[in-house]
Structure formats: C-alpha cells, structure tokens
Amino acid sequence: MIKIKITWKYCLAFYSIIMLYASLHELVHHFSGYFICGDWGVKTFNYFETACEQDSKSLIATYIGPIFSFIMMYLGAHFLRNKSSDYKKHLGFAIIFAQLPLQRMISPFFKMNDEFYATAKLFGDSSFIYWSVIIIIWLICLPPLIKVYRSIENKHKLIWFLFYLVLFPYILWGPIFGILEFLMVEKKFLAQPIIGIGLLFIINEVITIIGYYLTKKYINPYH
C-alpha cells in the first residue's frame, strides 16, 4: 500500500522521473529510427521524424515509443507488489503516472498520438481502426491503473488517483516541457543538432539524469 504525502522534495523527485521517462520515450523513437533507417532523423522535445519517413518500416519507430511507455507502466505495477520495499512501491507508483497514461488513453479520441497515427497510416483511417486503437490502448492501460488505484492507502483514494491521473504530472512537468520545446523550435535556442537531436534536449537530458540521481530517494516521502 502507498501512503501519499506531497512535499517539495517529493515534487522535485517526481518531476525528475516524469521528465526522464518523457525524454526516454522520445529517445526510443529516435534511436529505433536510426537502426531502422540507417541514418539519423530529427528530434525535438515533442516531435521526431525518421530519415526514411516515406517508408512504412519507419512506423516501427513510431510504435516503439508507446510500447516502451506501456512496458514501464507494467514495471511500475510490478514494483507495487506487497513484498516490495516502501521505496520501490513509491517508485513504481511514480513510474506509472510518469508515462502520462491519460494522454495515451484520451488522445486517440481526437485522432492523435503515436498509436493512432501509425495504425491509420498502415491500415487506413476507418471507424474500425479508430475504435480498435482506442479499445486496445484502454485494455493495456487499465490493469496497471487499477493496480495503482488499489495501492493508495490515503482517505479519498479516488480523489488522489484522479489528481495524479488528470492533473499533478501535467502541472508539475508540462509547463517546463512546453517552454523548452518553444525555445528550441520557435526561438532556435541551442537548436543545433547532434546526431539529429537538438542541443537543448541533450543538455536537459543530462540535467534530468543528474536531478534524478540526486532526488530519487525523496520519491518515498517517508524515507
């Protein structure tokens, strides 16, 4: 069971975890695109394009990002086992929400997200494809979300669950992520690419990794 307690140190740790997994999701796209196409594509904070974008095989790189996120959700659920340490349970709890599951579940309703884009490209944008993608994503996401809901020990667990699902990760991480994307893409700040990745992204990744290792112990607020 997880007893939630939000402190400023916990917020730093949770932010670092969200930024780490958001950037890893994007890097998985980018590096898999290199191995599939044989050359580097383009990567910003919120956009990637492979070097063989017109070839249907490039869609593999599109799928690999969400596959990574889904695997991490199930890894987080695995950490919530009763025999796990308190630290590991809190880490698993954070990892699940760091994958931004609501975004994965809601975006396909608006014909957005990697999963819908790649599937529609392969099989066409039909009603069958539309609802199939939505149903499959929900079936994948619900088990770890049910697991994480059941793990909450606080009173009003539904409110806590919805707070993490709908609001907390986005207000903690979203504005910074958006500002970084704006600076690099619109203002061309540190936008020079290295292996197809903007320099600002690389600098942020280094800072994020350092921040994660400095703050990860605080993800258990009772340590």
Side-chain angles (χ1 to χ4, degrees), residues 15-76 94-108 110-122 133 136-137 140-141 169-170 172-213 216:
Y15 165 82
S16 296
I17 289 172
I18 302 167
M19 183 63 83
L20 177 65
Y21 281 97
S23 57
L24 286 176
H25 173 102
E26 298 301 332
L27 290 174
V28 165
H29 280 309
H30 188 66
F31 282 95
S32 61
Y34 172 79
F35 287 113
I36 291 163
C37 300
D39 200 1
W40 295 111
V42 176
K43 178 84 214 75
T44 72
F45 283 89
N46 196 41
Y47 172 81
F48 87 98
E49 183 177 308
T50 65
C52 58
E53 197 70 16
Q54 302 307 313
D55 195 324
S56 59
K57 69 180 181 181
S58 70
L59 295 174
I60 297 171
T62 306
Y63 279 119
I64 286 178
I67 288 172
F68 168 79
S69 296
F70 294 142
I71 291 172
M72 290 303 102
M73 287 181 69
Y74 279 82
L75 177 65
I95 286 174
I96 290 172
F97 288 109
Q99 310 314 312
L100 307 176
L102 184 67
Q103 186 267 344
R104 302 239 69 84
M105 296 167 74
I106 296 301
S107 294
F110 303 97
K111 298 189 175 183
M112 298 167 63
N113 237 13
D114 300 324
E115 301 91 320
F116 181 82
Y117 171 81
T119 307
K121 279 279 189 180
L122 284 173
V133 170
I136 290 170
I137 291 173
I140 292 171
C141 291
Y170 300 96
L172 200 61
W173 157 87
I176 296 174
F177 188 82
I179 289 169
L180 291 171
E181 177 79 355
F182 174 79
L183 287 174
M184 193 171 75
V185 175
E186 300 296 331
K187 298 300 183 181
K188 307 301 179 186
F189 178 70
L190 297 175
Q192 53 269 44
I194 300 173
I195 61 170
I197 307 172
L199 180 58
L200 185 60
F201 186 107
I202 295 172
I203 292 171
N204 181 70
E205 187 68 4
V206 172
I207 293 171
T208 298
I209 292 170
I210 293 171
Y212 170 75
Y213 278 102
K216 63 179 181 178

Inset, instruction - Classify the angle between the aromatic ring planes of Y34 and W40 as parallel (below 30°), tilted (30 to 60°) or perpendicular (above 60°). - result: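 Y34 and W40: parallel rings.
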
Euclidean distance, [Y] [atom2] relative to [X] [atom1], rounded to 0.5 Å:
{"X": "I96", "Y": "Y74", "atom1": "CD1", "atom2": "OH", "answer": "10.0 Å"}
{"X": "F70", "Y": "L75", "atom1": "CZ", "atom2": "CG", "answer": "15.0 Å"}
{"X": "F48", "Y": "S32", "atom1": "CZ", "atom2": "OG", "answer": "6.5 Å"}
{"X": "K216", "Y": "S16", "atom1": "NZ", "atom2": "OG", "answer": "11.5 Å"}
{"X": "N113", "Y": "T119", "atom1": "CG", "atom2": "OG1", "answer": "10.5 Å"}
{"X": "E115", "Y": "I137", "atom1": "CD", "atom2": "CD1", "answer": "4.0 Å"}

Legend entry - Residue pairs, two or more places apart or on separate chains, that pass salt bridge (Lys or Arg N to Asp or Glu O under 4.0 Å) and touch residues 37-46: E26-K43

Inset, instruction - Name all pairs fulfilling the salt bridge (Lys or Arg N to Asp or Glu O under 4.0 Å) condition that reach into residues 53-68, sequence neighbours left out, sorted by first residue then second. - result: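 Qualifying pairs, neighbours excluded: none.
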
Work out which heavy atom in [X] is nearest to a heavy atom in [Y]; give both atom names and the distance.
{"X": "G41", "Y": "H30", "value": "O-CE1, 3.5 Å"}
{"X": "A98", "Y": "I18", "value": "CB-CA, 3.8 Å"}
{"X": "C141", "Y": "M73", "value": "O-CE, 3.9 Å"}
{"X": "I36", "Y": "A61", "value": "CD1-N, 3.6 Å"}

Inset, instruction - State, with a plain yes or no, whether a side-chain heavy atom of L100 is found less than 4.5 Å away from one of P169. - result: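 The answer is yes; the side chains approach within 4.5 Å.
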
Using distance only, find each side-chain donor-acceptor pair of residues 180-198 under 3.5 Å and give its atom names and separation, not counting sequence neighbours.
| residue | atom | partner | partner atom | Å |
| --- | --- | --- | --- | --- |
| E181 | OE1 | T44 | OG1 | 3.2 |
| E181 | OE1 | F45 | N | 2.8 |
| E181 | OE1 | N46 | N | 3.0 |
| E181 | OE2 | T44 | OG1 | 3.0 |
| K188 | NZ | V185 | O | 3.1 |

Residues 199-206 side chain polar contacts: donor-acceptor under 3.5 Å, at least two apart:
| residue | atom | partner | partner atom | Å |
| --- | --- | --- | --- | --- |
| E205 | OE1 | S23 | OG | 2.5 |
| E205 | OE2 | S23 | OG | 3.3 |

Legend entry - side-chain hydrogen bond (donor to acceptor under 3.5 Å, both in side chains) involving H25 - partner list, sequence neighbours excluded: H29, S69, D114

Legend entry - Set of side-chain hydrogen bond (donor to acceptor under 3.5 Å, both in side chains) partners for Y170, sequence neighbours left out: none

Legend entry - All salt bridge (charged side-chain N to carboxylate O under 4.0 Å, His left out) counterparts of K111, not counting sequence neighbours: D125

Residues that [X] engages under side-chain contact (heavy atoms from CB on, under 4.5 Å), provided they are two or more places apart:
{"X": "V28", "answer": "I64, F68"}
{"X": "I136", "answer": "I140"}
{"X": "F110", "answer": "I106, M112"}
{"X": "A118", "answer": "L59, T62, Y63"}

Legend entry - Sub-6.0 Å ring centroid separation between W173 and Y15: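 Ring-ring flag for W173/Y15: false, centres at least 6.0 Å apart.
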
Legend entry - Pairs where residues 23-60 contributes a residue and the test disulfide bond (SG atoms under 2.5 Å apart) is met, not counting sequence neighbours: C37-C52

